[in-house]
Amino acid sequence: QVQLVESGGGLAQPGGSLRLSCAASGSIGKIYFMGWYRQAPGSQRDLVAVINSVGNTNYGDSMKGRFTISRDNAKNTVFLQMDSLEPEDTAVYYCNTRADESYYWGQGTQVTVSS
């Protein structure tokens, strides 16, 4: 089993920045990708960004140019640098990974963008 622990969420002003991190621990063999999804109240869980084992990335449309995903393979950790935050970015952000043959989710971290 793999556990994912997110951190870095909180309150930011519009136009501000936050940096999220997610560390994977437990019985880990190979991590194929790590990424972030988010879910606002009353809406579906949407892709934020993913990064695979060789550094290729994919972003949701509204995040392109504002968010940057990166990873530290040695520490099994993924980061999400969020810049130019907008109120519409308010959501619970969930870490996700495919490790070995299974998919895992973190418990989520709240991001609130408000004046």
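In what follows, every heavy atom counts, from backbone to side chain, and hydrogens, waters and symmetry copies are set aside. Everything numeric in this text was worked out from a predicted model, so none of it was measured.
Checked against side-chain hydrogen bond (donor to acceptor under 3.5 Å, both in side chains), S70 has no partners two or more places apart in sequence or in another chain.
The cluster map of Ile, Leu, Val, Met, Phe, Trp and Tyr, joined by side-chain heavy atoms under 4.5 Å apart, puts I51 and M63 in the same cluster. In terms of hydrophobic clustering, with Ile, Leu, Val, Met, Phe, Trp and Tyr side chains grouped at heavy-atom distances under 4.5 Å, L85 and W36 are assigned to a common cluster. Linking Ile, Leu, Val, Met, Phe, Trp and Tyr whenever their side-chain heavy atoms come within less than 4.5 Å leaves Y37 and L80 in two separate clusters.
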With a cut-off of 3.5 Å and sequence neighbours excluded, list every side-chain donor-acceptor pair involving residues 86-97.
unit_1: D89; atom_1: OD1; unit_2: R38; atom_2: NH1; d: 2.8
unit_1: D89; atom_1: OD1; unit_2: R66; atom_2: NH2; d: 2.9
unit_1: D89; atom_1: OD2; unit_2: R66; atom_2: NH1; d: 2.8
unit_1: D89; atom_1: OD2; unit_2: E86; atom_2: N; d: 2.8
unit_1: T90; atom_1: OG1; unit_2: P87; atom_2: O; d: 2.9
unit_1: T90; atom_1: OG1; unit_2: V113; atom_2: N; d: 2.9
unit_1: T90; atom_1: OG1; unit_2: V113; atom_2: O; d: 3.4
unit_1: Y93; atom_1: OH; unit_2: R38; atom_2: NH1; d: 2.8
unit_1: Y93; atom_1: OH; unit_2: D89; atom_2: O; d: 2.7
unit_1: N96; atom_1: ND2; unit_2: Y104; atom_2: O; d: 3.1
unit_1: T97; atom_1: OG1; unit_2: F33; atom_2: O; d: 2.8

Distance-only donor-acceptor hits, side chain of residues 22-32, under 3.5 Å, sequence neighbours excluded:
none

Could you list the donor-acceptor pairs under 3.5 angstrom formed by side chains in residues 9-20, with sequence neighbours left out?
unit_1: S17; atom_1: OG; unit_2: D83; atom_2: OD1; d: 2.7

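Among pairs with a residue in residues 90-109, those fulfilling salt bridge (Lys or Arg N to Asp or Glu O under 4.0 Å) read R98-E101, at least two apart in sequence or across chains. Residue pairs that meet the disulfide (SG to SG under 2.5 Å) test with at least one member in residues 34-86, sequence neighbours left out, do not exist here. Within the structure, no pair that satisfies the ring pair (Phe, Tyr, Trp, His ring centres under 6.0 Å) test touches residues 54-86, not counting sequence neighbours. Listed by first then second residue, pairs satisfying salt bridge (Lys or Arg N to Asp or Glu O under 4.0 Å) with a partner in residues 6-15 number zero, not counting sequence neighbours. Sequence neighbours left out, not one pair with a member in residues 30-67 passes disulfide (SG to SG under 2.5 Å). Counting only residues at least two apart or on different chains, no disulfide (SG to SG under 2.5 Å) pair has a member in residues 50-93. For residues 44-57, the side chain to side chain donor-acceptor pair (under 3.5 Å) pairs, not counting sequence neighbours, are Q39-R45, Q44-D46. The stretch residues 35-65 participates, sequence neighbours left out, in no disulfide (SG to SG under 2.5 Å) pair at all.
Closest approach of Q110 and T112 over heavy atoms only: NE2-OG1, 3.4 Å.
Here the CD1 atom belonging to I69 is positioned 11.5 Å from the CE atom belonging to M82, to the nearest 0.5 angstrom.
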